[in-house]
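My structure is below; once you've seen it, I'll send some questions.
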Protein chains: 2
Amino acid sequence: MKFSTRTTYGLRAMIKLAANYNKAAVSLAHIAKKEKISQKYLERLFVALKKEKLVLSEKGASGGYRLARDPKNIRIYDIVRVLEGEINPFHCVNDKGEIICSQKCHCGATAILIKVQGAINSTLQSMKLSDLL
Amino acid sequence: MKFSTRTTYGLRAMIKLAANYNKAAVSLAHIAKKEKISQKYLERLFVALKKEKLVLSEKGASGGYRLARDPKNIRIYDIVRVLEGEINPFHCVNDKGEIICSQKCHCGATAILIKVQGAINSTLQSMKLSDLL
DNA sequence: ATAATTCCTACTATTTTAGTGGGTATTACC
DNA sequence: GGTAATACCCACTAAAATAGTAGGAATTAT
Ligand code: FES
Ligand code: FES
């Protein structure tokens with residue numbers, strides 16, 4: 001059971017952007033080098049982050065990415081959700097906390113599954129990107 | 001990010017054993033049929049559960065498995081730990097909550113990683129097998 | 001003796017994760 | 001206007017983890 005490197009990479013990159021909020025855009029080449037992450041891989045993460053409107057991009061020389069809004073208004077959950085997909089760590093429960101397995105009537109496990117899922121979600125939702133600076 | 005089916009299968013099987021605590025041993029054939037889980041796969045899970053002394057086995061006809069101790073004294077964590085391995089959902093943090101990545105000096109992400117890991121662990125540790133009956 | 005069980009070892013198939021390669025389009029800067 | 005730096009796009013590959021399957025041997029109640 002692991003969160004993918006996408007999440008850690010993405011958080012690290014977003015922290016960089018947060019540090020430059022209201023300053024110049026930051027290029028992926030710069031982040032990739034500083035953080036020792038594959039630039040090509042980062043590029044694909046940022047396509048997703050942009051699609052979900054967490055970042056803005058500027059093309060061309062001296063372009064790059066910048067946060068779409070104040071880091072105080074970006075939850076860690078928002079970032080993880082984009083990079084990791086739905087937060088439903090058990091096949092029996094969907095991301096809304098509903099039981100979706102066939103045994104629903106006579107299985108006691110659901111109590112703990114939902115509790116773990118809730119603990120992860122609320123932890124991710126409780127922190128903002130600004131809390132990581 | 002998913003817990004493996006090993007965990008769900010294992011919990012379901014352990015719930016069955018708990019329901020039969022202090023009664024007859026339960027065979028894997030029986031559980032596999034009732035729960036629609038591959039018996040061969042279950043066998044391997046129980047090798048691990050036995051190794052960690054969560055269950056006892058009885059060979060031969062009318063044999064099977066039984067809990068090694070009262071379900072009130074078996075934490076969900078104990079079961080998950082055996083089936084899922086160490087609970088360290090991020091490559092940067094080991095199961096003791098220590099930072100093990102190379103960037104440790106200048107990365108702000110650790111705060112949230114440790115918090116998520118702690119939330120999962122304490123949730124799993126807070127519930128006993130008996131709570132699922 | 002028989003049938004039901006745990007126990008043991010090895011192999012395979014599927015899915016997910018992580019990463020690479022080769023480009024095109026846009027733009028600041030000289 | 002040329003050049004270099006950038007985002008953007010699509011397809012492919014490599015590696016690892018997960019989820020099984022296969023074929024038995026050893027043990028034991030009946
Ligand atoms: S089988 Fe899905 S929650 Fe029990
Ligand atoms: S790189 Fe490991 S915690 Fe930041």
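Residue numbers begin at 1 in each chain, while the letters A, B, ... track the order of the sequences. Owing to the predicted nature of the structure, the values given are computational and were not obtained by experimental measurement.
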For E35(B), side-chain hydrogen bond (donor to acceptor under 3.5 Å, both in side chains) partners two or more places apart: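 R12(B).
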Atom-pair distance (CZ on R6(B); P on dG20(D)), nearest Å: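 Result: 11 Å.
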Distance in angstrom units between K40(A) NZ and dC12(D) C1', rounded: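 Distance, rounded to whole Å: 13 Å.
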Set of side-chain hydrogen bond (donor to acceptor under 3.5 Å, both in side chains) partners for R66(A), sequence neighbours left out: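 side-chain hydrogen bond (donor to acceptor under 3.5 Å, both in side chains) list for R66(A), sorted by chain: E58(A).
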Test salt bridge (charged side-chain N to carboxylate O under 4.0 Å, His left out) applied to R44(A) - qualifying residues, sequence neighbours left out: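 R44(A) satisfies salt bridge (charged side-chain N to carboxylate O under 4.0 Å, His left out) with no other residue.
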When you compare the protein's N or O atoms with those of nucleotides 26-30 of chain D, which come within less than 3.5 Å of each other, and at what distance?
| unit_1 | atom_1 | unit_2 | atom_2 | d |
| --- | --- | --- | --- | --- |
| dT28(D) | O2 | A61(B) | N | 3.3 |
| dA29(D) | O4' | A61(B) | O | 3.3 |

Partner residues of N94(A) under the side-chain hydrogen bond (donor to acceptor under 3.5 Å, both in side chains) criterion, sequence neighbours left out: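 Once residues adjacent in sequence are excluded, the partners of N94(A) under the side-chain hydrogen bond (donor to acceptor under 3.5 Å, both in side chains) criterion are E98(A).
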K50(B): side-chain hydrogen bond (donor to acceptor under 3.5 Å, both in side chains) partners, not counting sequence neighbours: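 So K50(B) forms a side-chain hydrogen bond (donor to acceptor under 3.5 Å, both in side chains) with S57(B).
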With F3(A) via ring pair (Phe, Tyr, Trp, His ring centres under 6.0 Å) - residues at least two apart: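 F3(A): ring pair (Phe, Tyr, Trp, His ring centres under 6.0 Å) contacts with F90(B).
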dT16(C) OP1/OP2 closer than 4.0 Å to side-chain N/O of S4(A):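 S4(A) to dT16(C) OP1/OP2: no side-chain N or O under 4.0 Å.
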Nucleic acid contacts - residues 15-37 of chain A versus DNA chain C, non-hydrogen atoms under 4.0 Å: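 Correct list: empty, so none.
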Presence of S38(A) side-chain N/O under 4.0 Å of dG19(C) phosphate oxygens OP1/OP2: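 So the side-chain polar atoms of S38(A) never come under 4.0 Å of the phosphate oxygens OP1 or OP2 of dG19(C).
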Sugar-phosphate only, base, or nothing, as touched by F3(B) at under 4.0 Å among non-hydrogen atoms: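 No contact at all - F3(B) keeps every heavy atom at 4.0 Å or more from the nucleic acid.
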S130(A) OG to I74(A) CD1 distance, which is reported to the nearest 0.5 Å: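 It comes to 9.0 Å.
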Contact under 4.0 Å: Y65(B) side-chain N or O vs dC7(C) OP1/OP2: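 True: Y65(B) side-chain N/O within range (under 4.0 Å) of dC7(C) OP1/OP2.
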Between dA19(D) (C1') and E84(B) (CD): distance, integer Å: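 To the nearest whole Å, that distance equals 13 Å.
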Distance-only donor-acceptor hits, side chain of residues 17-26 of chain A, under 3.5 Å, sequence neighbours excluded:
| unit_1 | atom_1 | unit_2 | atom_2 | d |
| --- | --- | --- | --- | --- |
| N20(A) | ND2 | A24(A) | O | 3.0 |
| Y21(A) | OH | D70(A) | N | 3.2 |

For DNA chain C, the residues among residues 43-56 of chain B that have a non-hydrogen atom under 4.0 Å from it: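 Heavy-atom cutoff 4.0 Å gives E43(B), R44(B), K50(B).
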Presence of Y41(B) side-chain N/O under 4.0 Å of dG20(D) phosphate oxygens OP1/OP2: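 No, outside the criterion.
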Rounded distance (Å) that lies between atom P of dA18(C) and atom CD of Q39(A):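 Atom-to-atom, Q39(A) to dA18(C), this comes out as 19 Å.
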Rounded distance (Å) that lies between atom C1' of dA18(C) and atom CG of L42(A):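 Distance, rounded to whole Å: 13 Å.
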N-O pairing of R75(B) and D78(B) below 4.0 Å: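 Salt bridge: yes.
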Short side-chain N/O contact from Y9(B) to OP1 or OP2 of dG20(D), under 4.0 Å: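 For dG20(D), OP1 or OP2 has a side-chain N or O of Y9(B) closer than 4.0 Å.
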Within residues 112-133 of chain B or reaching into it, pairs that qualify as ring-ring contact (aromatic ring centres under 6.0 Å, His included) - sequence neighbours excluded: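 Qualifying pairs, neighbours excluded: none.
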F46(A): ring pair (Phe, Tyr, Trp, His ring centres under 6.0 Å) partners, not counting sequence neighbours: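 Checked F46(A) against ring pair (Phe, Tyr, Trp, His ring centres under 6.0 Å); matches are Y65(A).
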